[in-house]
Amino acid sequence: MKIKPANPKGVKDLLPREMARRNYILDKLREIFSKYAYQNIQTPAFERLDTLMGKYGEDEKLLFKILNSGEYLHDETVQTLLKSEIYDAKEITPKIATKGLRYDLTVPLARYVAQHQNDLSFPFKRFQIGAVWRADRPQKGRFQEFTQCDIDIVGSKTNLHEIEILYIINDFIQEIGLKAKVHINDRKIFDAIGQLLKLDDSQKKQISILIDKKEKISAESYSNELTEILANEKDFEDNTKFNNFIDIMNSTTIDDLIQKGIPKEATESLQFILENAPNPELIQFDLHLVRGLDYYTGTVFELKPIDINIGSIGGGGRYDDLTSLFGLERMNGIGFSFGLERIEFCLDQKEIFEFKSSNMIRIIILHLIENTKELISLRKNILENASKNLIIDIYPEKSKLDKQFQYADKNKFDYALIYGDSEQKQGKINIKNLKTFQQETLNLDDLTKFINKNI
RNA sequence: GAGGUCGUAGCUCAGCUGGUAGAGCAGCGGAUUGUGGUUCCGCAGGCCGCGGGUUCAAGCCCCGUCGUCCUCCCCA
């Protein structure tokens, strides 16, 4: 039976040239992360479900769960559940799935830190690059498997880290030549607004969703929705509440906020960060930035490209208590995650992928004689003795010359070595520059010398 | 989770109001017996995503399913 070659939904294969681009981006990120003293770690692709559950809020349903292996279906409770008329996924799921694919790299980090606390020294700065999985419906810039490039600092409260992260972002986008802005806010400010206006938890939740999408909806539906959220109690106060809220949200500076009654404590860390940011052009104070992930408690930021419609290409924030869920108290964390696929998309759009063809020189040995061994040892000889960075391929079989040249052409070789029966007899070899079409005949023994000197 | 779009040769796509498939590119062979980005000629390549239904007849219509791309929600 023939099986149709196709990927499952939402995942992609990568062609060599796509992989080359990714590596271009990843090399830059790794270099910058390392330069700022972050250490590389790795965690498994899947985690215990209890590690993952309860940390992502609404999006929890996007977790990929892994069916248990073995005889779990014979378990009595599962049998009862399966036979019962009442089908309740909430009851069955934990019986048949106890593992899940990681949803991000932050929660696994919290687990990792709690688990290995004795082997780590704090503050712990780490970077991690890896795939994460979300059972989302795919669309532009959104996949079920994608790569996050994370930096996090665990075990330090100071806002120096926010500033450091901003420096890293700045370095990176300059390095790759991308125009983007970091939107920044602090959840403490939103909480303070809530307190000031005496909003209850459900109102806060609804409003946070609303302000997050303010840019996308009309002013009219914004104020309609806002009225609806605020006006579920009958008193006249609601109207002033509405006006107060609008007034506060229109603030463009921290001073503005303080004047409107937001306590200093809520704003001072953001103030400090803004004052010390690397590049004022880069940063935008954005009161409407919320971010959905439940675990953030302080600074939040999002990196958005200018003129490219792809959403954010990175995001992060401060989470004050993530490790306490794993029994490690009073461990503050802050991190940021770059989304590899979306960065790739941006570079693609802007056509700024002129990654200098590496300084490797590509040589192909054409296959014109029966004795393959001689070609293999020719390659070995050159690789061992040449002082240049060479990539050397041997055409796999003896065949027509023009075919071999076509292969060389398509694979962008720089030089071809022509060594056939006549050269073999005379102890010569031809080296042809495939860009200039120029060809030279050398003594076989002089080949390495020639390569070192002339190419 | 809601809505839309598309699925035909390796790739990009045509295929009329239903009458059992076509182009370009790529591949292979030749013109050209050891010199590549051009040209010309030829060859091969298809469960028309999969399953069911309607019909004398389905690539085309209907239902389901898998996948693609996109919008909303949310997010990297």
Side-chain angles (χ1 to χ4, degrees), chain A residues 1-13 15 25 29 56-63 102-106 129-150 180 208-210 212-213 216-217 221 289-294 296 300-305 308-317 335-346 364 366-369 395 398-424 430-441:
Chain A
M1 197 179 59
K2 197 159 78 177
I3 296 167
K4 190 193 177 190
N7 289 328
K9 188 200 293 194
V11 299
K12 285 207 314 189
D13 292 323
L15 265 12
I25 298 168
L29 282 172
Y56 301 115
E58 270 298 292
D59 283 341
E60 202 116 309
K61 53 189 180 219
L62 300 184
L63 276 178
R102 64 187 176 204
Y103 180 92
D104 65 9
L105 299 177
T106 307
I129 292 166
V132 302
W133 293 268
R134 297 182 189 180
D136 231 340
R137 192 169 302 188
Q139 60 182 274
K140 186 172 162 194
R142 167 180 294 182
F143 312 100
Q144 296 203 338
E145 177 183 63
F146 62 98
T147 304
Q148 294 198 319
C149 313
D150 265 42
S208 74
I209 293 170
L210 179 65
D212 196 46
K213 62 179 178 189
K216 289 189 202 163
I217 61 180
S221 53
L289 176 70
V290 190
R291 291 183 64 71
L293 256 33
D294 272 5
Y296 292 122
V300 286
F301 23 47
E302 233 166 58
L303 179 60
K304 291 185 179 169
I308 302 174
N309 181 24
I310 188 73
S312 66
I313 57 175
F336 192 85
S337 176
F338 293 87
L340 181 58
E341 287 76 6
R342 289 191 180 176
I343 293 170
E344 226 178 304
F345 177 85
C346 293
I364 182 151
L366 301 187
H367 203 144
L368 299 164
I369 57 175
Y395 193 83
K398 191 178 169 197
S399 73
K400 289 175 58 173
L401 238 200
D402 59 345
K403 201 175 156 185
Q404 300 199 37
F405 272 114
Q406 274 170 30
Y407 174 84
D409 205 30
K410 275 180 193 154
N411 289 283
K412 303 214 159 58
F413 283 94
D414 301 303
Y415 291 89
L417 296 179
I418 302 158
Y419 184 66
D421 294 330
S422 52
E423 288 87 352
Q424 194 178 32
N430 285 311
I431 180 163
K432 178 166 183 172
N433 183 325
L434 295 171
K435 302 273 149 63
T436 64
F437 288 61
Q438 271 170 357
Q439 183 168 323
E440 262 185 83
T441 307

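Keep in mind that the numbers below use all heavy atoms, side chains included, and drop hydrogens, waters and symmetry copies. Note that the structure is predicted; figures quoted are calculated from it, not measured. By convention in this document, chain letters (A, B, ...) are assigned in the order of the sequence lines, proteins followed by strands, and residues within each chain are numbered from 1.
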Student: Phe437(A) side chain: which of G36(B), C75(B), G34(B) is closest?
Tutor: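 Out of G36(B), C75(B), G34(B), the nucleotide with an atom closest to Phe437(A)'s side chain is G36(B).
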
Student: Please report the distance separating the C1' of A31(B) from the corresponding atom of U38(B), rounded so that it comes out in whole Å.
Tutor: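 A31(B) and U38(B) have their C1' atoms separated by 14 Å.
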
Student: In whole angstrom, give me the gap between the P atoms of A44(B) and G29(B).
Tutor: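 Rounded to whole Å, the distance is 15 Å.
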
Student: Nearest 0.5 angstrom please: Asp409(A) CG to Ile364(A) CD1, how far?
Tutor: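 Between atom CG of Asp409(A) and atom CD1 of Ile364(A) there are 11.0 Å.
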
Student: Between A14(B) and A23(B), how far apart are the P atoms? Round to whole Å, please.
Tutor: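 Nearest-Å result for A23(B) against A14(B) at atom P: 16 Å.
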
Student: Base, sugar-phosphate or nothing for Ile209(A)? Non-hydrogen atoms, less than 4.0 Å.
Tutor: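 Sugar-phosphate, backbone atoms only, no base.
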
Student: Describe the nucleic acid contact of Phe143(A) in one word from base, sugar-phosphate, nothing, applying a heavy-atom distance below 4.0 Å.
Tutor: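 Touches a base.
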
Student: Hey, what's the ring geometry for Tyr56(A) with Tyr103(A), parallel, tilted or perpendicular (30° and 60° as the breaks)?
Tutor: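 Judged by the thresholds at 30° and 60°, the geometry between Tyr56(A) and Tyr103(A) is tilted.
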
Student: What is the distance, to the nearest angstrom, from the OH atom on Tyr395(A) to the C1' atom on G36(B)?
Tutor: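 To the nearest whole Å, that distance equals 12 Å.
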
Student: Which part of the nucleic acid, if any, lies within reach of Gly316(A) when heavy atoms closer than 4.0 Å are counted: base, sugar-phosphate only, or nothing?
Tutor: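 Answer is nothing: Gly316(A) stays at 4.0 Å or more from every strand.
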
Student: Does Ser312(A) reach a base, just sugar-phosphate, or nothing at all? Heavy atoms under 4.0 Å.
Tutor: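 Since only primed, P, OP1 and OP2 atoms lie under 4.0 Å of Ser312(A), the category is sugar-phosphate.
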
Student: Check every atom of G36(B), U35(B), G34(B) against the side chain of Leu434(A) and return the nucleotide holding the closest atom.
Tutor: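 Per side-chain heavy atoms of Leu434(A), the pick is G36(B).
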
Student: When all nucleic acid strands are considered with a 4.0 Å heavy-atom cut-off, which category describes Gly314(A): base, sugar-phosphate, or nothing?
Tutor: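 Sugar-phosphate contact only.
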
Student: Please work out if Asp402(A) contacts a base, only the sugar-phosphate, or nothing of the nucleic acid, heavy-atom cut-off 4.0 Å.
Tutor: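 Sugar-phosphate only.
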
Student: Kindly determine whether Tyr395(A) and Leu368(A) satisfy side chain to side chain contact (heavy atoms under 4.5 Å, CB included), including the steps that lead there.
Tutor: CA-CA 9 Å; Tyr395(A) 193 83; Leu368(A) 299 164; over 6 Å; no

Student: Let me know the distance between CG of Leu303(A) and P of C75(B), rounded to the nearest Å.
Tutor: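 After rounding, the gap between these two atoms is 16 Å.
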
Student: Looking at every strand, decide which applies to Lys61(A) at a 4.0 Å heavy-atom threshold: base, sugar-phosphate, or nothing.
Tutor: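 Nothing: the residue Lys61(A), judged by heavy atoms under 4.0 Å, touches no strand.
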
Student: Considering only the P atoms, how many Å lie between G53(B) and A58(B), rounded to the nearest integer?
Tutor: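 Going atom to atom, P in each nucleotide, I get 12 Å.
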
Student: Under a 3.5 Å distance rule, please check whether Lys140(A) uses its side chain to pair with a backbone N or O of Asn309(A) as donor and acceptor.
Tutor: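 Such a contact is found between Lys140(A) side chain and Asn309(A) backbone.
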
Student: Counting only side-chain nitrogens and oxygens, does Arg342(A) get under 4.0 Å of the OP1 or OP2 atom of C75(B)?
Tutor: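 Result: no.
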
Student: Given A2(B), C74(B), G34(B), identify the nucleotide with an atom nearest to the side chain of Asp421(A).
Tutor: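 Looking only at heavy atoms from C-beta outward on Asp421(A), the closest nucleotide is G34(B).
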
Student: Do Gln144(A) side-chain atoms and Asp136(A) backbone N/O form a donor-acceptor pair below 3.5 Å?
Tutor: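 Flag set: sc Gln144(A) to bb Asp136(A) pair under 3.5 Å.
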
Student: Check whether any side-chain N or O of Glu145(A) sits under 3.5 Å from a backbone N or O of Ala131(A) as a donor-acceptor pair, and report yes or no.
Tutor: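 Checked: no pair found.
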
Student: Provide the Watson-Crick or G-U wobble partner of U35(B), both distances under 3.5 Å; none if there is no partner.
Tutor: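 Checking every strand shown, U35(B) finds no partner, since no pair has both distances under 3.5 Å.
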
Student: How close or far is atom P of C69(B) from atom CG of Asn309(A), stated in whole angstroms?
Tutor: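 Checked: the CG to P distance equals 17 Å.
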
Student: Rounded to whole angstrom, note down the C1' distance from C63(B) over to C25(B).
Tutor: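 Rounded to whole Å, the distance is 37 Å.
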
Student: Return the pairing partner of U68(B) with a 3.5 Å limit on both distances, Watson-Crick or G-U wobble; otherwise return none.
Tutor: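 Here U68(B) is not engaged in any pair, so there is no nucleotide opposite it.
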
Student: Is there a donor N/O on one and an acceptor N/O on the other, under 3.5 Å, for the side chain of Gln406(A) and the base of G27(B)?
Tutor: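 A donor-acceptor contact between them is absent.
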
Student: Base, sugar-phosphate, or nothing: which does Asp104(A) touch, judged by heavy atoms less than 4.0 Å apart?
Tutor: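 No contact.
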
Student: Is there a donor-acceptor contact under 3.5 Å from the side chain of Glu341(A) to the main chain of Thr147(A)?
Tutor: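 Judged by distance alone, yes, a pair lies under 3.5 Å.
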
Student: Can you tell me how far P in C6(B) sits from the matching atom in C73(B), rounded to whole Å?
Tutor: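 To the nearest whole Å, 24 Å.
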
Student: Write down the distance between OH (Tyr103(A)) and C1' (A76(B)), rounded to a whole number of angstrom.
Tutor: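 Rounded to the whole Å, the gap is 10 Å.
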
Student: I need the CH2-P distance between Trp133(A) and C74(B), as an integer number of Å.
Tutor: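 These atoms are roughly 26 Å apart.
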
Student: I'd like to check, for Phe405(A), whether its ring lies over the base of G34(B) with centroids under 5.5 Å apart and a plane angle smaller than 30°.
Tutor: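 No, Phe405(A) does not stack on the base of G34(B).
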
Student: Starting at CG of Leu210(A) and ending at P of C73(B), how long is that distance when rounded to a whole Å?
Tutor: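 From Leu210(A) CG to C73(B) P: 11 Å.
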
Student: For Phe146(A) and A76(B), say yes or no: do the ring centres fall under 5.5 Å of each other while the ring planes differ by less than 30°?
Tutor: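 Given the distance and angle limits, yes, they stack.
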
Student: To the nearest angstrom, how far is Gln438(A) atom CD from U35(B) atom C1'?
Tutor: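 That distance rounds to 15 Å.
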
Student: For G22(B), what is the paired nucleotide under Watson-Crick or G-U wobble rules, both distances under 3.5 Å?
Tutor: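 By the stated definition (distances under 3.5 Å), C13(B) pairs with G22(B).
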
Student: Let me spell it out: for each of Gln148(A) and Glu423(A), pick the nucleotide of RNA chain B with the closest heavy atom. Which residue's pick is nearer the 5' end?
Tutor: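 Nearest nucleotide further toward 5': that of Glu423(A).
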
Student: Counting only side-chain nitrogens and oxygens, does Lys400(A) get under 4.0 Å of the OP1 or OP2 atom of G30(B)?
Tutor: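 True: Lys400(A) side-chain N/O within range (under 4.0 Å) of G30(B) OP1/OP2.
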
Student: Assign each of Lys9(A) and Arg291(A) to its nearest nucleotide of RNA chain B by heavy atoms, then name whichever residue's nucleotide is nearer the 5' end.
Tutor: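 The 5'-side residue here is Lys9(A).
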
Student: Any chance you could measure Asp104(A), atom CG, to Ser337(A), atom OG, to the nearest 0.5 Å?
Tutor: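 Spacing of CG (Asp104(A)) from OG (Ser337(A)) equals 8.0 Å.
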
Student: Starting from P on G36(B), measure out to CG on Asn433(A) and report it in whole angstrom.
Tutor: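 Going from Asn433(A) (CG) to G36(B) (P), I get 15 Å.
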
Student: Name the nucleic acid region contacted by Leu62(A), choosing base, sugar-phosphate or nothing; use a 4.0 angstrom heavy-atom cut-off, strictly under.
Tutor: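 If one applies the 4.0 Å heavy-atom cut-off, Leu62(A) turns out to touch nothing in the nucleic acid.
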
Student: Which nucleotide, if any, forms a Watson-Crick or G-U wobble pair with G45(B), using both distances under 3.5 Å?
Tutor: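 In the structure as shown, G45(B) has no Watson-Crick or wobble partner.
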
Student: Taking the P atom in each of G64(B) and C56(B), what is the distance between them to the nearest angstrom?
Tutor: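 These two P atoms come out 24 Å apart once rounded.
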
Student: Does C69(B) have its OP1 or OP2 closer than 4.0 Å to a side-chain nitrogen or oxygen of Gln139(A)?
Tutor: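 For Gln139(A), the contact criterion (side-chain N or O under 4.0 Å from OP1 or OP2 of C69(B)) is not met.
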
Student: Identify whether any heavy atom of Ser422(A) sits under 4.0 Å from a base atom; if not, whether one sits that close to sugar-phosphate; answer base, sugar-phosphate or nothing.
Tutor: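 Counting heavy atoms under 4.0 Å across all strands, the contact made by Ser422(A) includes a base.
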
Student: Is a donor-acceptor contact shorter than 3.5 angstrom present between the side chain of Gln404(A) and the base of U35(B)?
Tutor: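 Per atom types, no contact qualifies.
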
Student: Using both distances under 3.5 Å as the test, list the Watson-Crick or G-U wobble partner of G59(B), or none.
Tutor: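 Across any shown strand, G59(B) pairs with none.
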
Student: Using modelled atom types and a 3.5 Å cut-off, is there a donor and acceptor pairing between side-chain atoms of Arg342(A) and backbone atoms of Ser312(A)?
Tutor: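 At least one qualifying donor-acceptor pair exists.
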
Student: Taking C66(B) as the reference, what is the distance to A26(B) when you measure between their P atoms (whole Å, please)?
Tutor: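 It works out to 38 Å between them.
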
